[in-house]
Protein chains: 2
Amino acid sequence: MAKKVGSPVRGSTTGRPIMVLFDVLGQRWTMRILWELRDGPYTFRALQERCDFVSPTLLNKRLKELREMALVDLTDEGFMLTRWGEELGGTLVALDRWSIRWAKELA
Amino acid sequence: MAKKVGSPVRGSTTGRPIMVLFDVLGQRWTMRILWELRDGPYTFRALQERCDFVSPTLLNKRLKELREMALVDLTDEGFMLTRWGEELGGTLVALDRWSIRWAKELA
DNA sequence: TCTTGACGCTACATAATTTGTAGCATACAT
DNA sequence: ATGTATGCTACAAATTATGTAGCGTCAAGA
């Protein structure tokens with residue numbers, strides 16, 4: 001279910017890290033989940049609520065993948081970003097800033 | 001087909017720019033297409049080839065969306081990133097760099 | 001003019017993914 | 001035992017992606 005770095009993924013046989021990342025992030029809800037977890041930890045249900053009530057089926061599937069990729073961890077406080085998850089979440093902030101400028105000019 | 005900033009998108013009713021972005025980038029092939037176009041321009045078929053022969057159906061669908069979002073333009077040289085597209089592509093480079101470090105430690 | 005080839009793109013059937021609802025099993029407190 | 005919260009699962013319906021074949025247009029060559 002989760003992708004291993006170095007092995008082929010959807011749409012790329014090279015296993016290059018960025019391709020693995022594109023494969024995972026290019027799935028619905030993955031980026032949103034990482035985004036919301038930036039100010040975690042959250043319980044499964046709390047996270048579900050923050051993600052506009054994404055179905056538990058998919059949330060569980062995504063969390064499983066993210067945990068296998070060492071981006072998310074489940075503690076007794078709830079689900080939270082690992083060190084790597086935090087870093088990745090940080091790069092999303094750049095996206096956020098860009099999107100605001102972009103939206104401003106497009107409007 | 002394309003998402004307008006400020007209007008609701010899948011999984012978010014706020015229309016916040018970052019949510020619009022998550023909606024679009026969280027579709028298969030979108031990030032990959034932007035990534036490959038960084039050293040464009042490419043013809044439809046050349047781009048398809050670079051994207052591991054993604055189906056023309058989907059490539060066309062994505063390019064349509066990206067053009068409506070002012071990220072991609074079709075010139076007589078082929079498909080290429082607009083100014084905004086270049087900027088967004090630039091933020092993907094950060095992802096690339098991060099993914100390499102991440103893969104190195106996970107391996 | 002008749003091919004030949006490249007262009008962007010579309011139709012359509014099949015396969016894979018996502019959604020939404022209901023609910024399970026466990027644990028812990030009342 | 002009863003209520004409540006936890007993470008998580010089953011399953012059918014809806015949506016999205018894939019792969020193949022091929023269309024209509026245009027420009028260059030014979």
Problem set entry | Protein-nucleotide distance (A/Gln27, atom CD; C/dT18, atom C1'), rounded to Å | 11 Å
Exercise. Taking only N and O in the side chain of B/Trp29, is any of them less than 4.0 Å away from OP1 or OP2 of D/dT18?
Worked result: yes
Problem set entry | Nucleotide D/dT6, atom P - distance to OH of A/Tyr42 in whole Å | 14 Å
For this session: State whether B/Asn60 places a side-chain N or O below 4.0 Å from either non-bridging phosphate oxygen (OP1 or OP2) of C/dG8.
Result: no
Exercise. DNA chain D: B/Gln48 or A/Arg45, which has the more 5' nearest nucleotide?
Worked result: A/Arg45
Exercise. In terms of hydrophobic clustering (I, L, V, M, F, W, Y; side-chain heavy atoms under 4.5 Å; direct or indirect links), are A/Phe22 and B/Ile100 co-clustered?
Worked result: no
Exercise. B/Thr43 near the nucleic acid: base, sugar-phosphate alone, or nothing, with a heavy-atom cut-off under 4.0 Å?
Worked result: sugar-phosphate
Problem set entry | For atom CG of A/Asp76 and atom C1' of D/dT6, their distance in whole Å | 12 Å
Exercise. According to a strict under-4.0 Å criterion, is B/Arg67 in side-chain N/O contact with OP1 or OP2 of C/dC9?
Worked result: yes
For this session: Give a yes or no on whether a donor-acceptor pair under 3.5 Å exists between the nucleobase atoms of D/dA10, that is its base, and the side chain of A/Thr57.
Result: yes
For this session: Map B/Arg62 and B/Pro56 onto DNA chain D by nearest heavy atom, then report which one ends up closer to the 5' terminus.
Result: B/Arg62
Problem set entry | Spacing of B/Arg28 atom CZ relative to C/dA15 atom C1', expressed in whole Å | 11 Å
Problem set entry | Nearest-Å distance for atom pair CZ/P, residues B/Arg32 and D/dA17 | 16 Å
Exercise. Over how many whole Å does the gap from A/Leu63 atom CG to D/dT6 atom P extend?
Worked result: 14 Å
Problem set entry | Rounded interatomic separation in angstrom, taking CG from B/Asp52 and C1' from D/dA17 | 15 Å
Exercise. Linking I/L/V/M/F/W/Y whenever their side-chain heavy atoms sit closer than 4.5 Å, directly or via other members, would A/Leu37 and A/Met80 fall into one cluster?
Worked result: no
For this session: Show your reasoning for whether side-chain contact (heavy atoms from CB on, under 4.5 Å) applies to A/Val54 and A/Ile33.
Result: CA-CA 10 Å; A/Val54 54; A/Ile33 289 167; 5.7 Å; no
Problem set entry | Proximal nucleotide (of D/dA17, C/dC9, D/dG19) relative to the B/Ser55 side chain | D/dG19
For residues 71-78 of chain B, please give each side-chain donor-acceptor pair under 3.5 Å, one per line with the distance, not counting sequence neighbours.
residue	atom	partner	partner atom	Å
B/Thr75	OG1	B/Glu77	N	3.0
B/Thr75	OG1	B/Gly78	O	3.2

Problem set entry | B/Arg101 atom CZ, over 12 foreign heavy atoms within 6.0 Å | yes
Problem set entry | d(CD, B/Glu77; C1', C/dC7) in whole Å | 14 Å
